[in-house]
There are 2 protein chains.
Amino acid sequence: MTAATHPSKQDVKVAVDAVIFTVRDGRLMTLLIQMNKRPFTGRWAFPGGLLGDRQTALAAVRRILREQTGIAPSYLEQLATFDDPGRDPLGRVISMAYFALIPDAGARLRTTAKYTDVRWWPVAGLPALAYDHREIAAAALARLRAKLGYTNIAWSMLPREFTFADLQEVYEAILGRGLDKRNFRKKMMSLGLIAPSGNLARGGSHRPAALFRFRDRRPSFMDIL
Amino acid sequence: MTAATHPSKQDVKVAVDAVIFTVRDGRLMTLLIQMNKRPFTGRWAFPGGLLGDRQTALAAVRRILREQTGIAPSYLEQLATFDDPGRDPLGRVISMAYFALIPDAGARLRTTAKYTDVRWWPVAGLPALAYDHREIAAAALARLRAKLGYTNIAWSMLPREFTFADLQEVYEAILGRGLDKRNFRKKMMSLGLIAPSGNLARGGSHRPAALFRFRDRRPSFMDIL
DNA sequence: ACAAAAGTGTTGTTACTACACCCATGG
DNA sequence: CCATGGGTGTAGTAACAACACTTTTGT
């Protein structure tokens, strides 16, 4: 049961914040923006901003990511809402946190003069974060690891064509541990979700790897790991 | 990155709504309140209300449940936030939905004259709901079923002592399908989370059932089903 | 020919499913 | 002694983990 009345003290500002993950060079990375406003000047934070007047939170996140980073994530879902009354020293602002994934290839940053700095940071070594963003980071990582086991979200972190080494690298970076190459290939093949594209990844001074494609990029659920 | 400024058009009301589940007579039930305010007079909705000024959402849910139903849930967690700009016809109100469980024994209702009616409804046959509460119900049910498989939340729907029949009834009601009695008992015993209390449940004209207790009532994660 | 990553099978163990009868009690 | 739910075991199958060598290419 919800009730709407007229503007009152109970009114609250609603922010959206996005935790964007990608895997680069075998490391799980996330995007942070260096703040240029008090009281967190110089601190790093997830990209975010206030919810627009007649805008859904999802649309707000997309807009804010475009403006602040130039990124259009390939996967985006609501994570959780953080509402501690003291989380923003300047007033009551609750944050609807979102969870986003992107392939390394799409992770080129638009840098604008508007923000001090925008950078990818390894999840294993984040700097001091503003607000309660440390807590948001922990929740996002937990969600990512959990979903890896029963959905195909890893798809969203890979380009159209990829090698088995690429795919396994994503899983290993997220889980933070190595996986057996043969068992991994067997499992992925048995799921029937990927198919060889017919092309080869040449380039190293070694045997070229077969390239694969996802049969279907839409989200689906299954036992993966 | 979030930013706090002074009151503005962007301010929003934040409601909390709670989906409370219990299992009674083998059926999964949820608690609804009949509304007495326009524009949803007579419609049913989950208990809820506006977030207090310097109150966490969790505290707000606890308070509202106490006031509206007299119930103190044994399990309570955030579900998701529903923010469609048109979800409340009277203004911009986003709803932080919560997910609660309670044993049948604790589900006695405090009925007050303040609300038209407060009733347990079988999840399989809910009436027409106000706002976007149909969507909230679907999300809550999905969460419940998912968590049943990898957490011990079912614990929160049982009294201190219970028989295997009680335990299995909870699982079957939630999943909406029957389970094999022997396999179920084997699995539950192998998890090592319950132990016989030594007492027997007398009462039927049949062999009395052994009563069990949870070794530990705190939330934990494992492969259950 | 060598370095470097790609690719490939088997075996043992463990977890899951399906299935039917005897037991203890109250009336 | 009968009706009612309580309580138990086995066998076949499927999924998982551990493990090392051969292949193909570039230099």
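Because only heavy atoms are used, hydrogens play no part in the values below, and waters and symmetry mates are left out as well, while side chains stay in. Residue numbers start from 1 in every chain, and the chains themselves are labelled A, B, ... in the order their sequence lines are given, proteins ahead of strands.
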Are B:Asp17 and B:Ser95 close enough that a side-chain donor and a side-chain acceptor fall under 3.5 Å?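 Checked: B:Asp17/B:Ser95 side chains pair up, N/O donor to acceptor below 3.5 Å.
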Side-chain donor-acceptor pair under 3.5 Å between B:Asn152 and B:Ser220, yes or no?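 Yes.
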Any pair counted as side chain to side chain donor-acceptor pair (under 3.5 Å), so long as it reaches residues 203-212 of chain B, sequence neighbours left out: none
Side chain to side chain donor-acceptor pair (under 3.5 Å) involving B:Thr81 - partner list, sequence neighbours excluded: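 With neighbours one apart ignored, the set is A:Thr81.
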If the condition is side chain to side chain donor-acceptor pair (under 3.5 Å), which residues does A:Tyr171 pass it with, not counting sequence neighbours? none
How many Å lie between [atom1] on [X] and [atom2] on [N], as a whole number?
| X | N | atom1 | atom2 | answer |
| --- | --- | --- | --- | --- |
| A:Phe164 | C:dA4 | CZ | C1' | 20 Å |
| B:Arg202 | C:dA24 | CZ | C1' | 10 Å |
| B:Arg207 | C:dC22 | CZ | P | 14 Å |
| A:Gln168 | C:dA5 | CD | P | 14 Å |

First of B:Ala210 and B:Ser205 reached from the 5' end of DNA chain D, by closest nucleotide: B:Ser205
Select from B:His206 and B:Leu211 the residue whose nearest nucleotide in DNA chain D is closer to the 5' end of that strand.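 That would be B:His206.
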Summary of salt bridge (Lys or Arg N to Asp or Glu O under 4.0 Å) pairs that have at least one residue in residues 124-134 of chain A, sequence neighbours excluded: A:Arg87-A:Asp132
Any pair with a residue in residues 161-190 of chain A that passes salt bridge (Lys or Arg N to Asp or Glu O under 4.0 Å), sequence neighbours left out, goes on the list, sorted by first then second residue, please.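 Pairs touching residues 161-190 of chain A that pass the test: A:Glu161-A:Arg213.
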Looking at residues at least two apart in the chain, or sitting in another chain, which of them share a ring-ring contact (aromatic ring centres under 6.0 Å, His included) with A:Phe82? none
Apply ring-ring contact (aromatic ring centres under 6.0 Å, His included) to B:Tyr75 and list each qualifying residue two or more places apart in sequence or on a separate chain.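 Partners of B:Tyr75 under the ring-ring contact (aromatic ring centres under 6.0 Å, His included) test: none.
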Listed partners of B:Leu193 passing side-chain contact (heavy atoms from CB on, under 4.5 Å), at least two apart: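 Testing B:Leu193 for side-chain contact (heavy atoms from CB on, under 4.5 Å), a comparison that skips the adjacent residues, returns B:Trp155, B:Leu191, B:Met222.
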Residue list, side-chain contact (heavy atoms from CB on, under 4.5 Å) with A:Asp216, at least two apart or on another chain: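 With neighbours one apart ignored, the set is A:Arg218.
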Find which nucleotide of DNA chain C each of B:Gly203 and B:Asp223 is nearest to by heavy atoms, and output the residue with the more 5' nucleotide.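 Result: B:Asp223.
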At a cut-off of 3.5 Å, list every protein nitrogen or oxygen paired with a nitrogen or oxygen from nucleotides 12-14 of chain C, distance to 0.1 Å.
none

For DNA chain D, which residues of residues 178-198 of chain A approach it to below 4.0 angstrom with any heavy atom? A:Asp180, A:Arg182, A:Asn183, A:Lys186, A:Lys187
If you walk 5' to 3' along DNA chain D, what is the first nucleotide with an atom under 4.0 Å of a heavy atom in chain B, and what is the last?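 So the outermost contacting nucleotides come out as D:dA3 to D:dT10.
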